[in-house]
Amino acid sequence: MSAAESGDVRAWEPAPRMRGFGPSIFSEMTQLAQGTGAINLGQGFPDTDGPDGLLKAAANAVGSGRNQYPPAAGLPELRAAVADHRTRHGLGPRYRPEDGEVVITTGATEAIAAAVLAFCGNGDRLLTFDPCYDSYAAVARLAGAELVPVPLAVDGDGFALDADALRAAAVSALARVLLLNTPHNPTGKVFTPAELADIADVCREHDLVVVTDEVYEHLVYDGRAYETIAGLPGMRERTVVISSAGKTFSVTGWKVGWACGPAKLINPLLSAKQFLTFGSGTPLQDAVARVLASSEDCDTWIRSLSCSLQRRRDLLREGLERAGLRTFRAEGGYFLQTDIRSWGYEDDVRFCRELPERAGVVAVPASAFYQGQDSPRWLARFAFCKREEVLREAVARLAGAADALGRNWPGVTPV
Ligand code: PMP
Ligand code: GLN
């Protein structure tokens with residue numbers, strides 16, 4: 001007799017692995033913004049469109065009959081364009097699509113899920129840094145794997161790798177995969193070459209597969225050189241690099257992503273992926289292939305996007321600091337983190353729930369990204385991938401709220 005038949009579990013109850021899977025924090029915060037009319041600096045999506053040529057190419061592809069399934073591995077022209085683009089931009093080793101080293105996925109999200117399902121089974125350990133993007137813990141659970149969060153400790157105005165803690169976590173024979181993310185969401189950290197070298201040492205020593213989520217690879221600021229762990233000695237053969245058109249071309253709703261790596265890693269990933277979606281977005285894949293292949297348009301767009309995001313980061317950072325919210329260094333990506341304690345808050349969820357009422361702005365509680373027990377609850381994440389006028393209005397509102405707090409709340413430093 002099954003558990004459902006015996007009455008221990010009701011048939012319509014979700015499977016135990018689903019426990020705790022509510023609506024994501026991003027959906028919750030976007031809904032809060034929509035319900036209150038507050039400015040949404042929570043969920044990370046741009047409020048302007050991607051390059052014109054890309055949008056027109058997608059419309060043309062829809063109008064010219066590219067509307068049936070793509071191959072499971074993705075359109076060959078997109079796989080080729082991804083490989084060429086990586087080489088042109090010096091994004092690590094060369095990948096050969098003709099040898100099965102590139103697969104197109106439904107966003108980076110599917111690539112991450114397929115990689116975890118492919119390499120982690122029941123009880124295997126999936127190491128990652130804490131905090132981490134919210135899908136990591138969820139897919140580990142779906143795979144039956146144990147997520148081992150290695151803390152990125154607050155270090156001045158940034159977040160630092162603790163290589164000894166990583167080494168200690170990797171010692172277990174059950175450790176199979178390290179899931180790395182750089183530039184990092186939510187901290188804005190870009191792992192330094194020295195940190196990547198330390199991580200690579202640990203992975204080689206303990207024979208780990210590395211899955212590196214690099215969706216913000218082009219969004220790196222202040223002239224920082226970007227490096228991928230896949231390019232370090234001995235790492236190409238054990239690394240899957242994941243990225244996506246969503247961030248690079250400001251089309252987060254398109255969900256065109258990819259995974260590159262040696263065929264021995266990409267084949268199992270593709271086997272898992274074909275039973276998740278098989279394939280998706282043929283006309284969008286066609287359009288992304290065209291823009292990636294037109295090197296001049298593509299490179300001009302990328303340069304101008306990263307310059308403009310750096311400006312917008314500075315605008316938001318200055319505004320948050322003026323409002324008395326200390327910020328952390330955002331070296332790449334879409335987000336800035338702040339210390340909310342100067343506003344009298346110790347609980348980031350309460351801060352974020354009250355912020356629309358107090359300031360007409362929505363942020364995301366950083367605790368949503370933490371897996372460890374003793375993680376900080378005094379960090380909130382703000383997105384700066386919004387138009388300058390929107391950010392200006394947001395910082396004006398935050399300044400107003402800080403003034404009101406300063407008057408009404410003794411102990412809060414007026415700004
Ligand atoms: N990884 C990170 C670190 C992200 O921030 C995001 C989304 N913002 C994703 C993966 C998901 O990418 P996609 O939308 O291409 O699935
Ligand atoms: N990656 C986006 C963020 O961090 C959200 C993506 C999503 O809503 N799943 O805000």
Side-chain angles (χ1 to χ4, degrees), residues 24 26 30 40-55 58 78 81-82 85-86 88-89 91-92 104-113 132-136 179-191 211-222 224 226-228 240-260 280-281 284-285 287-289 291-292 297-313 316 330-337 364 369 381-387 390-391:
S24 92
F26 308 120
T30 288
N40 188 359
L41 304 187
Q43 193 176 23
F45 61 90
D47 55 0
T48 47
D49 254 335
D52 240 23
L54 179 69
L55 307 180
L78 178 53
V82 165
H85 173 83
R86 298 193 66 80
R88 199 169 72 240
H89 283 267
L91 299 174
I104 308 305
T105 55
T106 302
T109 306
E110 187 191 38
I112 294 161
C132 62
Y133 184 56
D134 71 334
S135 81
Y136 300 177
L179 180 42
L180 171 66
N181 168 217
T182 180
H184 186 259
N185 179 5
T187 63
K189 175 182 177 63
V190 174
F191 283 74
V211 176
T212 177
D213 171 356
E214 305 187 351
V215 295
Y216 302 103
E217 64 200 351
H218 287 294
L219 311 182
V220 176
Y221 314 124
D222 309 312
R224 235 175 220 92
Y226 177 68
E227 196 181 339
T228 173
V240 175
V241 183
I242 290 173
S243 192
S244 151
K247 310 299 186 300
T248 303
F249 297 116
S250 300
V251 286
T252 59
W254 282 25
K255 288 285 183 175
V256 175
W258 44 84
C260 303
S280 63
L284 306 179
Q285 290 196 22
V288 173
V291 81
L292 279 177
D297 292 352
C298 169
D299 301 355
T300 309
W301 165 268
I302 288 173
R303 249 192 323 276
S304 116
L305 177 63
S306 73
C307 288
S308 124
L309 275 169
Q310 180 176 318
R311 261 197 327 274
R312 289 181 273 161
R313 175 205 62 183
L316 181 61
E331 300 164 334
Y334 275 173
F335 309 108
L336 269 168
Q337 291 212 118
V364 167
F369 299 88
R381 191 196 79 172
F382 290 78
F384 53 82
C385 50
K386 309 290 174 178
R387 282 167 295 142
V390 171
L391 294 174

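These numbers were taken from a predicted model, which means no experiment stands behind them. All residue numbers refer to positions in the sequence shown, counting from 1. All values below were derived from every heavy atom in this structure, side-chain atoms included, with hydrogens, water molecules and symmetry-related copies excluded.
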Exercise for the section: Would you give the length of the straight line joining atom CG of Asp222 to atom CD of Gln310, rounded to the nearest 0.5 angstrom? Expected result: 4.5 Å

Handout entry: Leu309 and Arg312, any side-chain heavy atoms less than 4.5 Å apart
Key = yes

Exercise for the section: Evaluate the side-chain proximity of Arg88 to Cys298: yes if any heavy-atom separation is below 4.5 Å, no if none is. Expected result: yes

Handout entry: Verdict with supporting geometry, Val291 and Trp301, side-chain contact (heavy atoms from CB on, under 4.5 Å)
Key = CA-CA 10 Å; Val291 81; Trp301 165 268; over 6 Å; no

Exercise for the section: For the residue pair Leu91 and His218, establish whether any side-chain heavy-atom pair is separated by less than 4.5 Å. Expected result: yes

Exercise for the section: Assess whether side-chain contact (heavy atoms from CB on, under 4.5 Å) is satisfied between Phe249 and Leu305, documenting all intermediate values. Expected result: CA-CA 8 Å; Phe249 297 116; Leu305 177 63; over 6 Å; no

Completion exercise
Scanning both residues in full, the closest heavy-atom pair of Leu219 with Pro183 reads O-CG, 4.2 Å

Problem - Side chains of Val256 and Leu78 in contact at under 4.5 Å (non-hydrogen atoms) - result: yes

Problem - Interatomic distance, Leu391 atom CG to Phe382 atom CZ [nearest 0.5 angstrom] - result: 11.5 Å

Fill in the blank from the handout: dist Tyr226:OH -> Phe191:CZ (nearest 0.5 Å) comes out at 10.5 Å

Practice task
Identify the heavy atoms of Ala383 and Gly44 that sit nearest to each other, and give their distance.
Solution key: CB-CA, 4.4 Å

Handout entry: Closest heavy-atom pair and its distance - Pro46, Thr252
Key = CD-CG2, 3.7 Å

Problem - Main-chain N/O of Val190 paired with Arg224 side-chain donor or acceptor, under 3.5 Å - result: no

Practice task
Tell me, please, which residues at least two apart from Arg303 pass side-chain contact (heavy atoms from CB on, under 4.5 Å).
Solution key: Asp299, Thr300

Completion exercise
Rounded to the nearest 0.5 angstrom, the CD-CG distance for Gln337 and Asn185 is 8.5 Å

Practice task
Mark yes or no for whether Thr182, through its side chain, and His184, through its backbone, hold a donor-acceptor pair below 3.5 Å.
Solution key: no

Practice task
Classify the ring geometry between Phe369 and Phe26 as parallel (under 30°), tilted (30 to 60°) or perpendicular (over 60°).
Solution key: tilted

Practice task
Side-chain contact test, heavy atoms from C-beta onward, threshold under 4.5 Å: evaluate it for Asp213 versus Val215 and give yes or no.
Solution key: yes

Exercise for the section: Could you tell me whether the side chains of Ser135 and Thr109 share a donor-acceptor contact shorter than 3.5 Å? Expected result: no

Practice task
Work out which heavy atom in Ala111 is nearest to a heavy atom in Ala259; give both atom names and the distance.
Solution key: CB-CB, 4.3 Å

Exercise for the section: Begin from the C-alpha positions of Leu41 and Leu316 and carry the test side-chain contact (heavy atoms from CB on, under 4.5 Å) through to its verdict. Expected result: CA-CA 10 Å; Leu41 304 187; Leu316 181 61; 4.1 Å; yes

Problem - Test applied, ring pair (Phe, Tyr, Trp, His ring centres under 6.0 Å); reference residue, Tyr334; option that passes from Tyr133, Phe384, Tyr216 - result: Tyr216

Practice task
For the residue pair Val220 and Ser306, establish whether any side-chain heavy-atom pair is separated by less than 4.5 Å.
Solution key: no

Problem - Which residues share a salt bridge (Lys or Arg N to Asp or Glu O under 4.0 Å) with Arg86, sequence neighbours left out - result: Glu214, Glu217

Handout entry: Residue pair Ile104 / Val82, side-chain heavy-atom distance below 4.5 Å
Key = yes

Exercise for the section: Could you label the plane-to-plane angle of the His89 and His85 rings as parallel, tilted or perpendicular, counting under 30° as parallel and over 60° as perpendicular? Expected result: tilted

Practice task
Evaluate the side-chain contact (heavy atoms from CB on, under 4.5 Å) criterion for residues Lys255 and Leu284: first the C-alpha distance (whole Å), next the side-chain angles of each, then the deciding distance (0.1 Å), finally the verdict.
Solution key: CA-CA 9 Å; Lys255 288 285 183 175; Leu284 306 179; over 6 Å; no

Problem - Spacing of Thr187 atom OG1 and Asn181 atom CG [to the nearest 0.5 Å] - result: 8.0 Å

Handout entry: Closest heavy-atom pair and its distance - Trp254, Ala58
Key = CH2-CB, 3.6 Å

Practice task
State, with a plain yes or no, whether a side-chain heavy atom of Leu336 is found less than 4.5 Å away from one of Arg381.
Solution key: no

Practice task
Working to the nearest 0.5 Å, report the span between CG of Asp47 and NZ of Lys386.
Solution key: 5.5 Å

Handout entry: Where Phe45 and Asn40 come nearest, the two heavy atoms and their spacing
Key = CE2-ND2, 3.8 Å

